[in-house]
Amino acid sequence: MKHQFEKFEPKKFETDPGITFQWTEDGNWLFMGVPHSALFWLSPSMKSILTPLREEVGSKLFFYTIAYQAAKGTHEDYHAVINHLGKNFDEGIRNWSRVVARIGWGVMCVNSIDWDKKEAFITFRNPWEISVFKAKELQENTPFINGKLSGMFSYAFETNCRTSIIDMYKDAEGNNIVSYQIKASWKTLEEELVVLNKETSLGTDLKVLNKAFKESQKRFMDVLDTVGEFIWETDRFKNITFYTKKMADMLAKQDDLKGMKITDFIKEEYIDILNEKFSQIENGEKGIIELECLMTGTTEKWILLRAIPIYNLSEHVDGFRGSGEDITQRKEMEQKVEDRTLALEKRTAEVVKQKQEILEKNEELNQQNEEIQATADSLQKANDEITNKNNQITASVIYAKNIQTAILPLDEIMSKYLKYFILFRPKDIVSGDFYWFTNLPAKDEFSEKKFIAAVDCTGHGVPGAFMSMIGMQLLNKIVNQDKTISPADILLQLHNGIYESLKQATSSNTDGMDVCLCCIESENTQQFKITFSGAKRPLYYFEKEKNKLTRIKGDRKTIGGKIRINSLTHFSNKEIVLQKNDLLYLTTDGYVDQNNKERQKIGSPKLKEILNNIANKQLMEQKQILETELDNWQSEEIQRDDITVVGIKL
């Protein structure tokens with residue numbers, strides 16, 4: 001008995017509108033017209049798993065392994081062909097060709113089946129394995145389709161069958177055309193696979209092959225988790241059966257999503273829309289769904305879902321699969337555009353109204369034109385004068401900055417005596433903060449003494465700069481000329497000098513300054529005595545051996561102001577002994593008082609935490625970290641005050 005089908009011609013391929021899988025020449029899969037290589041995990045090819053596996057075990061063993069595994073799964077295919085897809089095998093195999101087209105194997109055409117010879121000829125257009133795998137040997141191509149056809153016709157002919165490629169070419173439209181011959185064979189795929197396993201020393205139990213497959217699968221899943229989109233699959237009841245880690249991360253879910261419904265993550269008002277979309281997909285329509293998903297707490301995200309149906313061999317929908325991506329930023333941008341459009345329309349209406357009013361008053365305006373022009377000329381002249389004066393003032397302030405910079409301690413002098421860094425940021429061009437240094441060499445019974453101070457004058461900008469120049473002049477006189485060496489006495493004399501210089505006894509002036517002052521003396525090559533006195537400013541020091549940062553408070557008195565000289569109690573000295581490589585930190589209040597966008601100050605606890613974290617690093621790295629922390633905290637906020645931080649390594 002011979003069942004002869006019509007002779008194959010390329011134009012006889014049937015076009016099935018339900019086909020949702022397409023393959024490009026370079027082996028990528030087009031999903032709804034968009035390249036989605038990550039979806040190979042859900043497709044029959046699993047390119048990203050099988051390609052490295054073939055490279056690892058060789059093309060021949062790869063071919064027989066895939067063909068054997070494909071042939072093992074054909075009992076259900078054969079059962080569907082003869083029981084569900086047609087009245088007999090001939091009709092069933094034709095309908096089966098539509099099923100395999102739907103699930104992406106390629107478009108199949110049955111040329112002929114000869115039941116007496118137990119021989120059949122099948123042709124595929126654009127089989128997926130030709131697009132994905134470029135085997136060197138002709139017969140090593142399409143192992144999956146070879147195995148499927150071998151297994152299917154082994155059941156049909158009731159004898160072992162083998163499939164081989166008899167022709168492969170491209171048609172006029174550039175499609176890959178592959179023709180197969182299926183006929184009886186005395187040797188089974190399983191027997192050849194066992195022999196080949198022995199020849200390649202991989203063992204008959206395929207343990208090495210399975211290990212390679214699992215490793216390839218893990219590599220693919222690791223790569224899949226790095227893509228921007230997530231992949232999902234559900235059963236026909238919309239229960240999640242597969243998902244990638246990206247989906248769990250996007251939903252902020254730590255538990256297993258399997259078994260949960262995909263509608264569990266959709267806001268209630270969108271669930272009906274989602275169900276309607278799924279119904280449309282079940283009826284053969286492609287679906288692209290935009291839905292707002294409710295995350296943990298009150299956080300909401302917009303997710304773009306793409307979905308296609310999963311068909312079983314009876315062409316019934318068994319579930320859904322697709323991808324998704326976070327489009328929250330896009331939706332927010334669209335909302336901003338919409339808001340701006342509405343604002344623009346409103347503004348346009350206002351402009352039209354204003355234009356009408358302008359036209360109505362045009363005659364009046366023309367009459368006033370000469371007066372307006374004269375006023376404009378006068379304003380331009382005044383503006384030019386203001387601009388000129390402003391430029392002069394700015395130039396003067398910049399020159400004042402040069403003067404202020406010139407009287408600050410020179411780096412080449414300080415670096416002879418200290419290892420240090422200075423973070424100095426004026427709020428304006430000139431600064432009310434200043435730092436001061438001098439060195440008194442050893443003389444008579446006195447040892448060498450190094451004095452360092454961080455000073456915060458009242459105000460900032462030009463008034464603060466004037467105060468800073470007075471303060472530096474007085475400190476130089478008190479220490480370098482008068483040889484006052486006690487920090488507490490230096491602060492008291494500085495107070496007296498400010499009080500007298502600004503005539504605060506008889507004027508309304510209350511300007512002053514806060515000071516952190518240290519005297520550093522070497523007791524030996526490994527120890528240093530530090531004498532500290534502070535006017536409303538603390539001293540921080542870090543002990544390397546204890547790995548501990550300590551803050552010493554200054555006196556609760558300021559320099560200058562309305563306190564009379566004879567009523568001011570003296571400032572106090574605080575002495576500590578530190579070791580070589582220990583550190584001192586002198587600061588004004590500008591760093592701790594800087595606001596962030598929530599109007600929160602950095603504060604002393606945060607500064608102490610930063611200093612404790614950086615104290616074991618190089619001095620320049622410490623400065624860089626302090627600047628970075630300040631910049632990150634400040635962000636777009638304006639600088640509130642002058643900022644000074646001095647770090648010294650003993």
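Starting from 1, each residue takes its place in the sequence as its number.
In this structure a side-chain-to-backbone donor-acceptor pair under 3.5 Å is missing from Asn612 to Lys608. In this structure, the side chain of Asn126 engages the main chain of Asn176 through a donor-acceptor pair within 3.5 Å. In this structure, the side chain of Lys118 engages the main chain of Phe157 through a donor-acceptor pair within 3.5 Å.
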ask   = Taking it one step at a time, do Glu91 and Asn88 satisfy side chain to side chain contact (heavy atoms under 4.5 Å, CB included)?
value = CA-CA 6 Å; Glu91 181 180 326; Asn88 52 47; 3.5 Å; yes
task = For the pair Glu332 and Trp302, evaluate side chain to side chain contact (heavy atoms under 4.5 Å, CB included) and give the outcome as yes or no after the intermediate values.
result = CA-CA 9 Å; Glu332 290 175 349; Trp302 281 89; over 6 Å; no
inquiry  = Quick one, Lys117 with Lys183, criterion side chain to side chain contact (heavy atoms under 4.5 Å, CB included). Give me CA distance, side-chain angles, the key distance, then yes/no.
reply    = CA-CA 8 Å; Lys117 292 183 178 180; Lys183 61 182 180 179; over 6 Å; no
inquiry  = Set out, in order, the CA-CA distance, both residues' side-chain angles and the distance that settles side chain to side chain contact (heavy atoms under 4.5 Å, CB included) for Trp115 and Asp90, then state yes or no.
reply    = CA-CA 11 Å; Trp115 295 93; Asp90 292 352; 3.7 Å; yes
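Between Tyr180 and the options Thr163, Asn146, Thr142, a side-chain hydrogen bond (donor to acceptor under 3.5 Å, both in side chains) holds for only Thr142. A side-chain contact (heavy atoms from CB on, under 4.5 Å) with Gln181 is found for exactly one of Ile122, Ile165, Asn111, Ile166, namely Ile166.
Between the side chains of Asp235 and Thr241, no donor-acceptor pair of N or O atoms lies under 3.5 Å.
Within the structure, ring pair (Phe, Tyr, Trp, His ring centres under 6.0 Å) pairs that include any residue of residues 319-348 comprise Phe278-Phe320 (at least two apart or interchain).
Residues meeting the side chain to side chain donor-acceptor pair (under 3.5 Å) test with Thr328, sequence neighbours left out: Asp326. Partners of Tyr591 by ring pair (Phe, Tyr, Trp, His ring centres under 6.0 Å), not counting sequence neighbours: none found. Residues passing the side chain to side chain contact (heavy atoms under 4.5 Å, CB included) test with Thr341, sequence neighbours excluded: Val337, Glu345. Lys258 is linked by a side chain to side chain contact (heavy atoms under 4.5 Å, CB included) to Tyr243, Asp256, counting only residues two or more places apart in sequence or in another chain. In this view, Glu173 and Asn175 satisfy the side chain to side chain donor-acceptor pair (under 3.5 Å) rule, not counting sequence neighbours. With sequence neighbours left out, the salt bridge (Lys or Arg N to Asp or Glu O under 4.0 Å) criterion links Glu350 to Arg347. Evaluation of the salt bridge (Lys or Arg N to Asp or Glu O under 4.0 Å) rule for Arg340 yields no partner, not counting sequence neighbours. Under the rule for a ring pair (Phe, Tyr, Trp, His ring centres under 6.0 Å), the partners of Tyr155 that lie at least two apart in sequence or sit in another chain are His75, Tyr78. Evaluation of the side chain to side chain donor-acceptor pair (under 3.5 Å) rule for Asp339 yields Gln335 as partners, not counting sequence neighbours. With sequence neighbours excluded, no residue forms a side chain to side chain donor-acceptor pair (under 3.5 Å) with Asn632.
Considering CD1 of Ile625 and CD1 of Ile610, their distance stands at 9.5 Å, rounded to 0.5 Å. Between Leu149 atom CG and Phe144 atom CZ the span is 10.0 Å, to the nearest 0.5 Å. With rounding to the nearest 0.5 Å, the separation of CD in Glu629 from CG in Asn613 is 8.5 Å. Within the model, atoms CG of Asp171 and CZ of Arg125 stand 7.5 Å from one another, a figure rounded to the nearest 0.5 Å. Taking CG of Asn160 as the start and CZ of Arg162 as the end, the distance is 7.5 Å to the nearest 0.5 Å. Taken from CG in Leu257 to OG1 in Thr234, the straight-line distance is 13.0 Å, to the nearest 0.5 Å.
Considering every non-hydrogen atom in both Ile240 and Ile262, the closest pair reads CG1-N, 4.1 Å. Contact record, Cys161 with Ser154: N-OG, 2.9 Å, taken as the closest heavy-atom pair. Of all heavy-atom pairs spanning Pro127 and Ile145, the tightest one is CB-CD1, 3.6 Å. Closest of all the heavy-atom pairs between Thr159 and Ala184 is CG2-CB, 4.1 Å.
Between Glu334 and Arg330, at least one side-chain N (NZ, or NE/NH1/NH2) sits under 4.0 Å from a carboxylate O, which counts as a salt bridge.
Side-chain contact between Ile113 and Ile182 is absent, with no heavy atoms from C-beta onward closer than 4.5 Å. Met108 has its side chain within reach of Val110: a pair of non-hydrogen atoms, C-beta onward, lies under 4.5 Å apart.
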Expected list for residues 594-602: side-chain donor-acceptor pairs under 3.5 angstrom, two or more places apart:
from	atom 1	to	atom 2	distance (Å)
Gln594	OE1	Arg640	N	3.2
Gln594	NE2	Ile638	O	3.1
Asn596	OD1	Glu598	N	3.0
Asn596	OD1	Arg599	N	3.1
Asn596	OD1	Gln600	N	2.8
Asn596	ND2	Gln600	OE1	3.3

